[in-house]
Every structure is written in C-alpha cells, then in structure tokens.
Colleague: 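Let me give you the structure first, and then I'll get to my questions.
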Amino acid sequence: MKQSLRLEGFPVYAIEIGRDETPYRSVDEIAAYFRALIEAHEYACIVAEFDHVAHTRSLAGGQVADGIRAAKNLVFCFGLTLPDPLALATRPRSIGIAETDDGFVVTFIEAPMPVVNAAMEDWAKGLQGAE
C-alpha cells in the first residue's frame with residue numbers, strides 16, 4: 001500500500017451561531033436547511049445524515065463533551081469532477097452541525113475546489129439571520 005499526501009493538512013472552517021442570531025432552533029432544522037440547499041444544487045447529492053451524538057453515546061466507552069447537546073453530519077458530494085482515483089479518498093464532503101449550550105457550531109473541511117468551498121461557506125453564513 002502506498003501512502004501519499006494530498007493536502008498539507010485539514011483546514012477546518014467553523015462558524016459559531018448564537019441562538020439569537022438564527023431562526024433555527026435545532027440541529028434537525030439546520031440539517032434540513034442544508035439538505036434543501038444540497039438537493040437544489042446543480043452538482044450536489046445527499047449521501048447520508050449521521051447522528052454523531054447518538055452513535056457515540058451508544059458505545060460502551062463513548063464520550064460526548066460537556067455542552068454538546070446534539071451533533072450530526074450531513075454527508076454529500078459535489079460530483080463535478082473525478083480527476084483520478086486518489087480523489088476518492090477526500091470525498092464525499094461533510095458538514096458538521098453541533099448544538100451547544102450557547103447555540104450552534106457548523107464546521108466543514110476546506111474543499112480543494114474554490115467554487116465548492118465558497119458554496120459551503122455561503123450556506124453556513126446563510127444561517128445567520130435567515131428567515
């Protein structure tokens with residue numbers, strides 16, 4: 001097996017949103033918001049929704065940090081290009097949505113395609129003050 005370095009690291013984008021900054025009240029509502037945007041996008045496709053807190057709490061040694069009330073990953077793919085087999089290692093994309101005591105934290109790893117990264121950044125910022 002060969003090991004190769006595709007990216008120098010994993011730059012993570014994160015936005016913290018207070019409860020008073022968004023009309024969304026739960027991780028499920030925010031997941032539905034992202035799902036609608038993904039399904040409406042010309043190149044994106046939903047793959048799965050993963051309840052990270054439920055999974056972690058179901059494990060004998062599972063630990064969820066204090067202050068995390070709920071956490072889900074919305075897994076999807078922007079299938080615009082498949083330049084080589086190694087690209088599969090960095091796909092599909094995932095947006096993490098955590099509910100904390102103070103509000104919500106939305107995270108994702110930087111995408112190598114600027115247009116994809118810009119879309120995810122716009123979607124996350126759209127949570128603030130959205131109606």
Side-chain angles (χ1 to χ4, degrees):
M1 178 170 261
K2 292 179 3 180
Q3 179 185 26
S4 63
L5 187 60
R6 296 285 289 181
L7 300 172
E8 301 247 337
F10 295 104
V12 174
Y13 283 64
I15 186 170
E16 294 183 26
I17 302 167
R19 294 186 191 288
D20 61 341
E21 296 178 272
T22 185
Y24 300 99
R25 295 287 145 237
S26 69
V27 166
D28 288 332
E29 286 183 17
I30 292 174
Y33 160 84
F34 282 121
R35 180 181 287 275
L37 290 168
I38 293 164
E39 289 174 345
H41 195 279
E42 182 179 10
Y43 303 117
C45 175
I46 290 287
V47 175
E49 187 172 308
F50 176 65
D51 189 328
H52 208 312
V53 166
H55 168 72
T56 302
R57 287 188 175 146
S58 75
L59 302 174
Q63 298 177 6
V64 176
D66 290 339
I68 296 178
R69 297 178 179 183
K72 289 190 175 184
N73 287 89
L74 201 56
V75 183
F76 60 100
C77 190
F78 280 94
L80 188 57
T81 65
L82 187 55
D84 58 57
L86 298 179
L88 293 168
T90 61
R91 304 214 179 132
R93 306 252 48 104
S94 173
I95 291 180
I97 310 156
E99 181 179 359
T100 66
D101 292 338
D102 298 323
F104 302 96
V105 180
V106 174
T107 57
F108 61 87
I109 292 177
E110 182 177 58
M113 291 181 61
V115 66
V116 171
N117 209 65
M120 292 188 300
E121 199 170 345
D122 287 345
W123 294 349
K125 289 177 181 175
L127 291 167
Q128 292 177 302
E131 292 298 327

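This is a predicted model, so every value here is computed, not measured.
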Colleague: Can you name the closest pair of heavy atoms from Tyr33 and Tyr24 and give their distance?
Modeller: CD1-OH, 3.1 Å
Colleague: Checking one residue: Val75. Which other hydrophobic residues are in its cluster under the side-chain 4.5 Å linking rule?
Modeller: Val47
Colleague: So, using side-chain contact (heavy atoms from CB on, under 4.5 Å) as the criterion, who are the partners of Arg91 when residues are at least two apart?
Modeller: Cys77, Thr81, Leu82, Pro83, Ala87
Colleague: Sequence neighbours excluded, which residues qualify as side-chain hydrogen bond (donor to acceptor under 3.5 Å, both in side chains) partners of Ser94?
Modeller: Asn73
Colleague: Decide side chain to side chain contact (heavy atoms under 4.5 Å, CB included) for Ile15 and Val105; before the verdict, give the C-alpha distance in whole Å, the side-chain angles of both, and the deciding distance to 0.1 Å.
Modeller: CA-CA 6 Å; Ile15 186 170; Val105 180; over 6 Å; no
Colleague: Rounded to the nearest 0.5 Å, what's the gap from CG on Leu74 to CH2 on Trp123? Could you check?
Modeller: 9.0 Å
Colleague: Roughly how far, to the nearest 0.5 Å, is the CD1 atom of Ile17 from the OG1 atom of Thr22?
Modeller: 6.0 Å
Colleague: My understanding is that a hydrophobic cluster links ILVMFWY residues whose side chain heavy atoms are under 4.5 Å apart, including indirect links. Using that, what else belongs to the cluster containing Val53?
Modeller: Val64, Ile68
Colleague: Test side chain to side chain contact (heavy atoms under 4.5 Å, CB included) on Ile95 and Thr107 and set out the steps.
Modeller: CA-CA 6 Å; Ile95 291 180; Thr107 57; over 6 Å; no
Colleague: side-chain contact (heavy atoms from CB on, under 4.5 Å) with Arg19: which residues, sequence neighbours excluded?
Modeller: Arg25, Arg69, Glu99, Phe104
Colleague: Identify each donor-acceptor pair in which a side-chain atom of residues 35-44 lies under 3.5 Å from a protein atom, sequence neighbours left out, and give them as a table.
Modeller:
{"unit_1": "Arg35", "atom_1": "NH2", "unit_2": "Glu49", "atom_2": "OE1", "d": "3.3"}
{"unit_1": "His41", "atom_1": "ND1", "unit_2": "Tyr43", "atom_2": "N", "d": "3.0"}

Colleague: Name all residues meeting the ring-ring contact (aromatic ring centres under 6.0 Å, His included) criterion together with Phe76; count only those two or more places apart in sequence or in a different chain, and write none if there are none.
Modeller: Phe78
Colleague: Please list, chain by chain and in numerical order, all residues satisfying side-chain hydrogen bond (donor to acceptor under 3.5 Å, both in side chains) with Asp102, sequence neighbours excluded.
Modeller: none
Colleague: Distance-only check: which donor-acceptor pairs under 3.5 Å involve side-chain atoms of residues 112-121, not counting sequence neighbours?
Modeller:
{"unit_1": "Asn117", "atom_1": "OD1", "unit_2": "Ala111", "atom_2": "N", "d": "2.8"}
{"unit_1": "Asn117", "atom_1": "ND2", "unit_2": "Tyr13", "atom_2": "OH", "d": "3.2"}
{"unit_1": "Glu121", "atom_1": "OE2", "unit_2": "Lys125", "atom_2": "NZ", "d": "3.3"}

Colleague: Can you list every side-chain hydrogen bond (donor to acceptor under 3.5 Å, both in side chains) pair that touches residues 55-68, not counting sequence neighbours?
Modeller: His52-Thr56
